[in-house]
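Okay, so here's the structure we're looking at.
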Amino acid sequence: MDAKRFSAFLGGYVDFLEEMAAGESEKYSALISYNPKRVDKMVSRQQAMNMRLTQLEEQREKEQEAAGFGGLTFSQILARLDKADQGELPEQFRRFGKAVDEIKYFNEKSIAFVKEGMRLMGMPEEGAPVAPYTHGGRQRPESGGSIFEAKI
């Protein structure tokens, strides 16, 4: 088992997750600031970070497998290692979990804020407002009706 190599990789991954957590916090602050340019910048940044996260997670799985820890949770990895061989892993695992929790927290706050804004604008929660007419010009059954379609 190569815990040292895995720990070296994980150190950079944890640093990235902490940066991503800070970005989620900034994105939430941008949303509540109602500054469209700031929101656009933060959303673009987060999209790039999400792509990087996907790459890092794939690499983590490979590194974990190469270290002999494939399919194990962090607590299971620590249980397999002697205290002397754990090195920085306990602290890295703690930081990893904390960063993931912060990312989730601010992401949930951002989503709730956006959903509430959409609700206040009269938009359905699951997407854009439903047009009252089909592409063929027929009234949708769920829409209220139109004065132009009344029979006289």
Side-chain angles (χ1 to χ4, degrees), residues 1-135 140-144:
M1 287 188 232
D2 192 3
K4 288 181 182 177
R5 179 177 164 184
F6 180 62
S7 179
F9 165 77
L10 200 59
Y13 191 6
V14 168
D15 290 343
F16 173 79
L17 286 174
E18 289 171 341
E19 180 185 341
M20 191 168 183
E24 284 293 331
S25 174
E26 291 174 35
K27 181 177 74 177
Y28 177 68
S29 294
L31 284 169
I32 62 176
S33 75
Y34 294 101
N35 181 331
K37 287 183 181 180
R38 186 174 169 206
V39 170
D40 188 46
K41 177 182 173 187
M42 292 311 304
V43 168
S44 295
R45 179 178 175 219
Q46 286 306 113
Q47 287 173 337
M49 291 187 97
N50 286 343
M51 291 185 339
R52 177 75 176 128
L53 177 63
T54 300
Q55 294 170 345
L56 283 171
E57 184 57 21
E58 289 173 3
Q59 186 65 33
R60 182 200 58 81
E61 289 176 358
K62 288 177 186 173
E63 294 289 337
Q64 191 169 325
E65 185 72 37
F69 305 130
L72 299 178
T73 65
F74 290 163
S75 59
Q76 290 170 330
I77 292 171
L78 291 178
R80 287 197 176 184
L81 294 171
D82 294 330
K83 283 275 192 207
D85 295 331
Q86 289 180 1
E88 296 179 27
L89 286 174
E91 177 63 15
Q92 289 172 330
F93 292 163
R94 186 197 63 75
R95 287 175 51 211
F96 189 102
K98 182 179 180 212
V100 168
D101 288 345
E102 287 179 15
I103 291 167
K104 287 179 182 178
Y105 173 77
F106 284 110
N107 194 34
E108 288 170 2
K109 285 184 68 117
S110 295
I111 289 170
F113 182 80
V114 169
K115 281 184 177 181
E116 179 62 15
M118 290 173 64
R119 187 190 66 76
L120 291 172
M121 292 186 327
M123 296 174 75
E125 201 171 297
E126 291 300 316
V130 177
Y133 296 95
T134 65
H135 290 293
R140 293 188 190 276
E142 62 273 10
S143 67

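When all heavy atoms are compared, the tightest approach of Phe9 to Leu56 is CZ-O, 3.6 Å. Nearest heavy-atom pair, Gln76 versus Gly71, reported as atom, atom and distance to 0.1 Å: OE1-O, 4.2 Å.
In this view, Glu65 satisfies the side chain to side chain contact (heavy atoms under 4.5 Å, CB included) rule with no residue, not counting sequence neighbours. Judged as a side chain to side chain donor-acceptor pair (under 3.5 Å), and not counting sequence neighbours, Gln55 has no contacts. By the salt bridge (charged side-chain N to carboxylate O under 4.0 Å, His left out) test, Glu61 is found to be paired with no residue, residues two or more places apart in sequence or in another chain being considered. Partners of Asp85 under the side chain to side chain donor-acceptor pair (under 3.5 Å) rule, at least two apart in sequence or in another chain, do not exist in this structure. With sequence neighbours left out, the salt bridge (charged side-chain N to carboxylate O under 4.0 Å, His left out) criterion links Arg94 to Glu91. Remark: Leu78 engages Gln86, Leu89, Pro90, Phe93 in a side chain to side chain contact (heavy atoms under 4.5 Å, CB included) (not counting sequence neighbours). Applying the side chain to side chain donor-acceptor pair (under 3.5 Å) test to Glu108 and every residue at least two apart in sequence or in another chain returns nothing. Residues meeting the side chain to side chain contact (heavy atoms under 4.5 Å, CB included) test with Ile32, sequence neighbours left out: Tyr28, Phe113. Not counting sequence neighbours, the partners of Glu57 by the salt bridge (charged side-chain N to carboxylate O under 4.0 Å, His left out) test are Arg60. Checked against side chain to side chain contact (heavy atoms under 4.5 Å, CB included), Glu58 has the following partners two or more places apart in sequence or in another chain: Thr54.
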Distance-only check: which donor-acceptor pairs under 3.5 Å involve side-chain atoms of residues 34-48, not counting sequence neighbours?
| from | atom 1 | to | atom 2 | distance (Å) |
| --- | --- | --- | --- | --- |
| Asn35 | OD1 | Lys37 | N | 3.2 |
| Asn35 | OD1 | Arg38 | N | 3.2 |
| Ser44 | OG | Asp40 | O | 3.1 |
| Arg45 | NH1 | Glu26 | OE1 | 3.2 |
| Gln46 | NE2 | Glu24 | OE2 | 2.8 |

Anything under 3.5 Å between a donor and an acceptor, one on a side chain of residues 96-106, the other on a protein residue two or more places apart or in another chain? List them.
| from | atom 1 | to | atom 2 | distance (Å) |
| --- | --- | --- | --- | --- |
| Tyr105 | OH | Lys109 | NZ | 3.4 |

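Put simply, the side chain of Asp2 does not reach to within 4.5 Å of the side chain of Phe69, judged on heavy atoms. Contact annotation: the side chain of Met20 never approaches that of Arg52 to less than 4.5 Å [non-hydrogen atoms, C-beta and beyond].
Expressed to the nearest 0.5 Å, how far CG of Leu10 lies from CZ of Arg95 amounts to 9.0 Å. Between the CD atom in Gln92 and the OH atom in Tyr13 there is a gap of 13.0 Å [rounded to 0.5 Å].
At distances below 3.5 Å, at least one donor-acceptor pair connects side-chain atoms of Gln64 with backbone N or O atoms of Leu72. Here the side chain of Ser7 pairs no donor or acceptor atom with the backbone of Lys4 at under 3.5 angstrom.
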